Undergrad: 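Okay, here's the structure, questions in a sec.
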Amino acid sequence: MPWIQDFIFKHEKSYQKYFTGIGWVEISENAIATLASLSALQSYGVIGMAARNIADGISELLHREELGRGVQVRIAEDGLIIELYIIVAYGVRIPEVAHNVMERVKWNLEKTTGLTVKEINVNIWGIRLMEEKKESFNWEEV
Amino acid sequence: MQKVQELNGELLENLFEQAVYQLQIHKEEIDLLNVFPVPDGDTGTNMLYTLQSTLAEIKKQKVKNIKNVAEASIKGSLMGARGNSGVILSQIIRGFAEYIKNKDKIDADTWVKAWQEATRVAYRAVLNPTEGTILTVLREGVKEATLALKETKDILVITKRMLDRAKKALADTPNLLPILKEAQVVDAGGQGLVYFWEGFLNGLMGKKIELKEERVILREKPDLEVIEKHVITYQYCTEFIILSQENTDFSEFKNWLYSQGDSIVTAETRGMLKVHIHTNNPGKILDRALELGSLSQIKIDNMAEQHEERLRKEIEPMPKALSPKKDVGFVVVSWGEGLNQIFNSFSVDFIINGGQTLNPSVEAIKNAVEKINADKVFLFPNNKNVILAAQQVENLYKDKVIIIPTKHVLEGIRALVEYNPKDSWEQMKKKFEKGKDSIRVGEITRAIRNTSINGFEISEGDILGLINDEIAYVGKDINEVAINLVEKLLKENGEVLTIYYGQDISKEEAQELYNLISQKYSSLSIELIYGGQPYYYYYLGLE
């Protein structure tokens, strides 16, 4: 969105709030977290978000409504720092999937919010074999 | 036409080899299609890298039976998976290879079931598959293969139909994924899969193409910070290809290059040498290269320029739109449409909206002052309640701000009449202060409650005449009060009367008052102006 970029002063870009010539835009951490988790979930190899800070260390696959819980958003001077807690599919190359998630989330966040993302840290909180949805691949019926 | 009923490990190896070849020749084309999920133009490169790693692992196998080739492809693709499409491709290969690895032979049934398994595995690793990507192309192709299996046991025919259907699905991807339509491209990963299968089909048809021993050079995106900190010792990035005789020996030239710069990368094939070097003397390099043959694809970039430009962008904040610098500027507090216009006609730089009930904050005044690019800014508070706020701003900008403590807009206007751009600011200040003192101001308004002040018994709705904020006359009729107020103002000397009528007074009513006053005081020169001020019917200025 170039019109937003136009009005963001370089040093103010890390703020969630910026002026756009006729008014202020403020993006809550909650909104950023939801955006980040939706982008992460669309990434190949990611099959869920995990609740973070679980004392007993058992990761918990989150339901759709509470996706934001698997994301931590911090505001640093030179950009957003995003912590993602994800569950990946069994059998994928984890470093590469993590890297893809970082790129995708960064790109999507920067594109949709106009904010600068400084860091995206991916925490692999679990590995699962996803049950297949029967209806999608019934080869006998094709 | 030949038929393929069965595959063995060696043929399988050739299929991968042909797939790598297809990806190799179409790498750039796929890269250019890459707009989703992140438009970084590396899909082709990533898929090729993944496949090359797969093939390299297969080639390590001494015994090329199905089990070994399949297991090597699983390992190789997993280790080499790179980028989003690379990871997906590795899942496809894994699903395919897991299914065949324990089979003695691969017939048509196994072939199709293996692709079905590949689809399952590929889909299993994503929660919300995006339609219009490599996954869609894969699924549609395998569906067609499943249908084809019912009619033939010829792997070649099945694969051909699978590929044709995949191409159709690929052409449809822009209809499923809007971003592709916008960019007018098909999905890059899907295109990669089509070339991958095309390679397989070529292999099945018995084609054998010797692969050039060329590993893909990965474009690593250097960390921005690393670049900033990197001191450029060699300034020019120089690239070219030498076209020479087939038996030319480049080794001497290559050794010499190391004395000329750094970041040297050379790639040699028969009679050709590609050179990449960072140097301070590209001319010298090119001269020497010319001795060996003709040059092609010459590219020289000044890296210091790129470096500087990047640094400049980083450091420079957006330039603030500044008007050209002036000697003096003016900030006034005003209210009322007509009064604002008058100030505008004096070329006032900034009008702060104020008023009897709306006193501007220190912040508002400070912002106004900051916006003006001038050595001295004259500040006209135009209200005794604003003078205090103005003085705080003056403390912040001691050298810049000069307050003319006007207590009324009419004083402000009167002061500005004295403005002469040729004066020094000291002279201006004197004239402004003299100007403001030379006018006496009367105001006419309406009482909003019952009260008793200065011996006047006032009831709500009475018309009040004020001089210097003190009640001088109370009446029931606006014109009556106005005339009496003029009388009181005239106790001191005065020749010129200016009447500013407010927003609640029509032009006709104002004209009527004008006529009344000019009949009664024929010696006065009277001017009637629209002020548009709220709450106050009239402002009267006499000097």
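None of these values were measured; they are calculated from a predicted model. Convention: sequence-line order gives letters A, B, ...; per-chain numbering from 1.
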Undergrad: Checking the side chain of E96(A) only, and the main-chain atoms of R82(B) only, is there a donor and an acceptor separated by less than 3.5 Å?
TA: no
Undergrad: Go through S77(B), S85(B), G86(B), A81(B) and name the one with the most non-hydrogen pairs under 4.5 angstrom from chain A.
TA: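 Sorted descending by pairs with chain A, the first entry is A81(B).
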Undergrad: Would you name the heavy atoms of R124(B) and A89(A) that are closest together and state the gap between them?
TA: O-CB, 4.3 Å
Undergrad: Is it the side chain or the backbone of S90(B) that comes within 4.5 Å of chain A heavy atoms, both, or neither?
TA: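 Neither part.
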Undergrad: Nearest 0.5 Å, what's the CG-CG distance between N46(B) and N100(A)?
TA: 8.0 Å
Undergrad: Does any backbone or side-chain atom of V92(A) lie under 4.5 Å from a heavy atom of chain B? Answer side chain, backbone, both or neither.
TA: both
Undergrad: Report which part of S39(A) has an atom under 4.5 Å of a heavy atom belonging to chain B: side chain, backbone, both, or neither.
TA: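 Contact with chain B involves no heavy atom of S39(A) at all.
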Undergrad: Could you state the interatomic distance from CG (N84(B)) to NE2 (H99(A)), rounded to the nearest 0.5 Å?
TA: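 If we round to the nearest 0.5 Å, N84(B):CG and H99(A):NE2 are 11.5 Å apart.
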Undergrad: Side chain, backbone, both or neither: which part of I74(B) has an atom under 4.5 Å from a heavy atom of chain A?
TA: neither
Undergrad: Considering all heavy atoms of both residues, which atom of V126(B) and which atom of Q42(A) are nearest to each other, and what is their separation?
TA: CG2-O, 4.2 Å
Undergrad: Name the member of V87(B), L78(B), I88(B) that forms the most heavy-atom pairs with chain A at distances under 4.5 Å.
TA: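 Ranked by contacts with chain A, first place is I88(B).
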Undergrad: Decide side-chain contact (heavy atoms from CB on, under 4.5 Å) for T133(B) and Y44(A); before the verdict, give the C-alpha distance in whole Å, the side-chain angles of both, and the deciding distance to 0.1 Å.
TA: CA-CA 11 Å; T133(B) 63; Y44(A) 191 85; over 6 Å; no
Undergrad: With a 6.0 Å cut-off (strictly less than), is the heavy-atom count around NZ of K101(B), excluding the residue itself, greater than 12?
TA: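 Atom NZ in K101(B) is crowded, with more than 12 foreign heavy atoms closer than 6.0 Å.
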